[in-house]
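Here is the structure we will look at, set down as structure tokens.
One-based numbering along the sequence shown.
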Amino acid sequence: GAGKDREILLKSTKENAMLRAPWLFASWLGGIMAMIIIGGFKEELTKVLALASFIPIVMGMGGNIATQSSTIIVRGIATGRINMNEFLKVVFKEMRVGVILGVMYGLFLGIVTYFTHTEPPLLGLVVGVSIFSCMIMSATIGAFIPLLLKRFDIDAAIATGPFVTTSIDIVGVFVYFWVAKIFLGL
């Protein structure tokens, strides 16, 4: 939490904790929502237990690319290199980065899954498409959230992380199970 009024090193421990607490609560709520979504797909998980083993990588890859995108944007805002009039241009650029990396890692993980998990036969496709979709959405969300926060004059350095991780956890796990349900006919 950097804060606007004083540098973080000049704030007391309690001030820093209180500044961060509401944003972390949002993240905590997102984790609860992701848990509920996973629980909502309990039947699908019992049919294809291997789906559970890919939850961390789908959420992790989405979280990592979103964090990279948001860090780049927050830094650009702080240094003045990001012009808020180019909001959409910046977001679409990060989305294109997500497409490139999503294709690459979706293909890699899909192939690894295909050769390491023979049942169900389309599991590699499910995992690959899920990683691809999640990385595109995550890079986009990671760029969009700090710009939106800046637009509403909210300190992006403090609020971006929890909003991004919460969004990615919810969207990533939902997309993963939705893709599995469609491709595997669950």
Side-chain angles (χ1 to χ4, degrees), residues 23-74 88-148 160-186:
W23 305 112
L24 292 173
F25 182 72
S27 182
W28 179 81
L29 284 176
I32 298 296
M33 290 174 68
M35 176 190 70
I36 291 168
I37 291 170
I38 292 169
F41 286 95
K42 199 181 307 182
E43 186 177 321
E44 288 79 2
L45 278 168
T46 58
K47 290 179 182 175
V48 182
L49 189 57
L51 287 171
S53 62
F54 294 98
I55 295 171
I57 195 163
V58 170
M59 290 173 71
M61 292 299 287
N64 284 324
I65 194 168
T67 300
Q68 289 174 340
S69 293
S70 64
T71 301
I72 289 165
I73 301 303
V74 169
L88 290 177
K89 181 180 176 185
V90 172
V91 171
F92 284 122
K93 180 178 182 181
E94 284 302 309
M95 181 188 290
R96 290 190 308 271
V97 170
V99 168
I100 292 167
L101 294 172
V103 166
M104 194 167 79
Y105 284 102
L107 190 60
F108 289 161
L109 190 59
I111 291 168
V112 167
T113 304
Y114 177 79
F115 286 111
T116 59
H117 292 75
T118 56
E119 289 296 321
L122 294 179
L123 185 60
L125 181 63
V126 166
V127 172
V129 168
S130 296
I131 289 287
F132 170 73
S133 303
C134 189
M135 289 186 77
I136 293 168
M137 288 185 293
S138 298
T140 306
I141 290 168
F144 182 79
I145 287 177
L147 291 168
L148 185 66
T160 295
F163 274 121
V164 167
T165 56
T166 299
S167 302
I168 301 314
D169 287 351
I170 293 168
V171 170
V173 77
F174 181 77
V175 166
Y176 175 54
F177 281 112
W178 181 73
V179 168
K181 193 169 182 138
I182 290 171
F183 281 90
L184 301 179
L186 301 173

- request: Name all residues meeting the side-chain hydrogen bond (donor to acceptor under 3.5 Å, both in side chains) criterion together with Thr160; count only those two or more places apart in sequence or in a different chain, and write none if there are none.
  value: none
task: Work out which heavy atom in Pro56 is nearest to a heavy atom in Ala52; give both atom names and the distance.
output: CD-O, 3.7 Å
message: Between Phe177 and Ile55, is the side-chain contact (heavy atoms from CB on, under 4.5 Å) condition met? List the steps.
response: CA-CA 9 Å; Phe177 281 112; Ile55 295 171; 3.7 Å; yes
task: Take the angle between the ring planes of Tyr105 and Phe108 and call it parallel below 30°, perpendicular above 60°, tilted in between.
output: perpendicular
- request: Report yes if the side chains of Leu123 and Pro120 come closer than 4.5 Å at any heavy-atom pair, otherwise no.
  value: yes
message: Using side-chain contact (heavy atoms from CB on, under 4.5 Å), reason through Tyr176 and Val126 one step at a time and then give a plain yes or no.
response: CA-CA 8 Å; Tyr176 175 54; Val126 166; 4.3 Å; yes
field: Shortest non-hydrogen contact from Ile131 toward Gly106
entry: CG2-N, 3.6 Å
field: Test item: Ser53 side-chain N/O and Ala50 main-chain N/O as donor-acceptor pair under 3.5 Å
entry: yes
message: Tell me the closest heavy-atom pair linking Val127 and Leu109, and the distance in Å.
response: CG1-CD2, 3.2 Å
field: Minimal non-hydrogen separation, Gly98 against Ile65, with atom names
entry: CA-CD1, 3.9 Å
- prompt: Shortest non-hydrogen contact from Ser27 to Thr165?
  reply: OG-OG1, 3.5 Å
message: How long is the straight-line distance from CZ of Phe132 back to CG of Leu101, given to the nearest 0.5 Å?
response: 11.0 Å
query: Do the side chain of Thr166 and the main chain of Ala26 share a donor and acceptor less than 3.5 angstrom apart?
result: yes
message: Please determine whether side-chain contact (heavy atoms from CB on, under 4.5 Å) holds for the pair Met95 and Ile136, giving the CA-CA distance in whole Å, both sets of side-chain angles, and the decisive distance to 0.1 Å.
response: CA-CA 6 Å; Met95 181 188 290; Ile136 293 168; 4.0 Å; yes
message: Assess the residue pair Phe144 and Ile141 against the criterion (side-chain contact (heavy atoms from CB on, under 4.5 Å)); give the C-alpha distance rounded to whole Å, side-chain angles, the decisive distance to 0.1 Å, and a yes or no.
response: CA-CA 5 Å; Phe144 182 79; Ile141 290 168; 5.5 Å; no
